[in-house]
Amino acid sequence: MKMLWVLLLALSSVPGAPAMPAQRHSCHKRPLGEHSCHSVPAGTDSLRHVHDALPHHFWEGKGCQVICYCNLNELLCCPKDIFFGPKISFVIPCNSQ
């Protein structure tokens, strides 16, 4: 039994081995500056409107992994699984043009 503890202690001190699991991507805020929620697509090339049924929601980047919600003068951007939850996120329309 002592040998097992020694082995675990030795392996946990190996350089380069992560002590904790990698962090999930988190949400971030982006100020719009002089733009408003109605002028976001015109002012930012990396955002695409999600759907007419979801006003003020935008996909960020080329894929459909990060979604942003416009609130007054800032965007709240999160991975879609965090934003909608894993049970809903797969039904959100993706226009990855």
Side-chain angles (χ1 to χ4, degrees):
M1 187 65 158
K2 286 184 181 181
M3 188 60 135
L4 178 62
W5 284 108
V6 171
L7 180 62
L8 287 174
L9 181 62
L11 287 175
S12 66
S13 63
V14 173
M20 296 178 66
Q23 295 287 332
R24 289 192 326 172
H25 295 289
S26 61
C27 300
H28 62 278
K29 290 184 179 181
R30 290 175 46 185
L32 290 175
E34 63 213 35
H35 297 284
S36 69
C37 293
H38 301 292
S39 65
V40 170
T44 309
D45 292 335
S46 65
L47 296 173
R48 298 177 323 279
H49 191 255
V50 173
H51 192 270
D52 291 337
L54 294 170
H56 307 301
H57 288 77
F58 302 91
W59 291 116
E60 181 181 46
K62 292 184 178 182
C64 295
Q65 296 304 312
V66 177
I67 192 161
C68 299
Y69 174 73
C70 186
N71 184 20
L72 299 176
N73 61 348
E74 69 182 7
L75 291 168
L76 174 64
C77 300
C78 300
K80 68 177 181 179
D81 288 343
I82 293 174
F83 196 91
F84 290 112
K87 293 182 180 180
I88 298 175
S89 65
F90 74 95
V91 298
I92 304 301
C94 173
N95 55 349
S96 60
Q97 299 171 359

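Heads up: numbering here begins at 1 and tracks the sequence.
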Next item on the list: Search all heavy atoms of Pro79 against all heavy atoms of Ser26 and return the closest pair with its distance.
Entry: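 Minimum heavy-atom contact is CD-O, 3.9 Å.
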Notebook entry, point to check: Where is the tightest heavy-atom contact between Asn71 and Cys37, given as atom of each residue plus distance?
Noted result: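 Where Asn71 meets Cys37 most closely, the heavy atoms are N-SG, 3.9 Å.
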Notebook entry, point to check: Say you draw a straight line from CG of Leu32 to SG of Cys70; how long is it, rounded to the nearest 0.5 Å?
Noted result: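 Leu32 CG to Cys70 SG: 5.0 Å, rounded to 0.5 Å.
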Checklist line | Listed once per pair and sorted, the salt bridge (charged side-chain N to carboxylate O under 4.0 Å, His left out) pairs that draw on residues 28-37, sequence neighbours left out | finding: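 Residue pairs passing salt bridge (charged side-chain N to carboxylate O under 4.0 Å, His left out), neighbours aside: Lys29-Glu74, Arg30-Glu60.
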Next item on the list: Test disulfide (SG to SG under 2.5 Å) on Cys68 and Cys78 and set out the steps.
Entry: CA-CA 6 Å; Cys68 299; Cys78 300; over 6 Å; no
Next item on the list: Report the residues that fulfil side chain to side chain donor-acceptor pair (under 3.5 Å) with Asn73, sequence neighbours left out, ordered by chain and then residue number.
Entry: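 So Asn73 forms no side chain to side chain donor-acceptor pair (under 3.5 Å) with any residue.
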Next item on the list: Treating Ile, Leu, Val, Met, Phe, Trp and Tyr as nodes and any side-chain heavy-atom pair under 4.5 angstrom as an edge, say whether Val66 and Phe83 lie in one connected cluster.
Entry: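 No, because Val66 and Phe83 fall into different hydrophobic clusters, even though each may have its own neighbours under 4.5 Å.
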Going by atom type alone, with no hydrogens or angles, which donor-acceptor pairs under 3.5 Å involve a side-chain atom of residues 51-58 and a protein atom two or more places apart or on another chain?
| residue | atom | partner | partner atom | Å |
| --- | --- | --- | --- | --- |
| His51 | ND1 | Ala53 | N | 3.0 |
| His57 | ND1 | Pro55 | O | 2.9 |

